[in-house]
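Heavy atoms only: backbone and side chains are in, while hydrogens, waters and symmetry mates are out.
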Amino acid sequence: MTALLLLYVVLLANTGITLLFTGVLIGQVMGALILSFPLLAVWATIVELRFGLAAEKLVARIEAEGTWPDLGIETRPSGRAIRSSADAAFAKWSALAEENEEDFHSWFNLSLAYDACGDRRRARAAMRKAIGLAK
């Protein structure tokens, strides 16, 4: 996916540069705006890769410590969490994170609970906090 994004960035940047050298004001403005999209794409890719690598490093650390949590969440045969079970487990892990605000394990576990409940935005926020505390 990153390779496809880079191909897109190169093609879009080429179009932007071509428009910059048209000598027509509106073309130059459009070229400048088009060049902002590849810059934004590169920035977003770097941010996501850094987050993924940091999360992977934290997972490896937790596995090495032998502290991987058993969330106690029932799952369907497909592997997806049963919502009522995930909600009950979430309450437990949320309370533990509030009690132990400086413990990265608590925030890591909370991120897994958020993910099991289907709340990816909050799962990522909790994982970011866990990564920050683990440093």
Worksheet item: Counting heavy atoms not belonging to Glu65, are there more than 12 under 6.0 Å from its CD?
Response: yes
Worksheet item: Among the clusters formed by ILVMFWY side chains lying less than 4.5 Å apart, do Tyr8 and Ile17 turn up in the same one?
Response: no
Response to the item:
Taken to the nearest 0.5 Å, the spacing of Asp70 CG from Leu112 CG works out to 11.0 Å
Worksheet item: Got Gln28 and Leu19 here, is their nearest side-chain heavy-atom distance under 4.5 Å?
Response: no
Worksheet entry | Ile82 side chain reached by Ile73 side chain, heavy atoms, under 4.5 Å | no
Discussion item. Could you check whether any side-chain N or O of Asn100 sits under 3.5 Å from a backbone N or O of Asp103, counting only pairs where one atom can act as donor and the other as acceptor?
Written reply: no
Discussion item. Less than 4.5 Å apart, side chain to side chain, heavy atoms only: is that true for Trp107 and Trp93?
Written reply: no
Worksheet item: Parallel, tilted or perpendicular for Phe90 and Tyr114, by the 30°/60° rule?
Response: tilted
Item to complete: Show the numbers, then the answer: is there a side-chain contact (heavy atoms from CB on, under 4.5 Å) between Leu39 and Leu35?
Response: CA-CA 7 Å; Leu39 294 175; Leu35 283 176; 5.6 Å; no
Worksheet, complete the sentence: Note: Ser85 and Gly72 closest approach over all heavy atoms is OG-O, 3.7 Å
Response to the item:
Which of Asn14, Leu7, Val9 passes side-chain contact (heavy atoms from CB on, under 4.5 Å) with Leu11? Answer is Leu7
Worksheet item: Which pair of heavy atoms, one from Ala86 and one from Ala116, lies closest together, and at what distance?
Response: CB-O, 3.9 Å
Practice prompt. Apply the test salt bridge (charged side-chain N to carboxylate O under 4.0 Å, His left out) to residues Arg124 and Glu48: give CA-CA distance (whole Å), side-chain angles for both, the deciding distance (0.1 Å), then the verdict.
Written response: CA-CA 11 Å; Arg124 291 174 67 83; Glu48 288 303 309; 2.6 Å; yes
Item to complete: For residues Leu53 and Lys57, determine if any side-chain heavy atom of one lies less than 4.5 Å from a side-chain heavy atom of the other.
Response: no
Worksheet item: Any side-chain heavy-atom pair from Glu102 and Leu133 closer than 4.5 angstrom?
Response: yes
Item to complete: Could you tell me whether the side chain of Leu58 reaches within less than 4.5 Å of the side chain of Met127, counting heavy atoms only?
Response: yes
Discussion item. Any heavy-atom pair between the side chains of Phe51 and Ile131 that's under 4.5 Å?
Written reply: yes
Worksheet item: Closest approach of Asn109 and Leu71, non-hydrogen atoms and distance?
Response: O-CD2, 4.0 Å
Fill in: Note, Lys129 side chain near Phe108 side chain (heavy atom, < 4.5 Å)
no
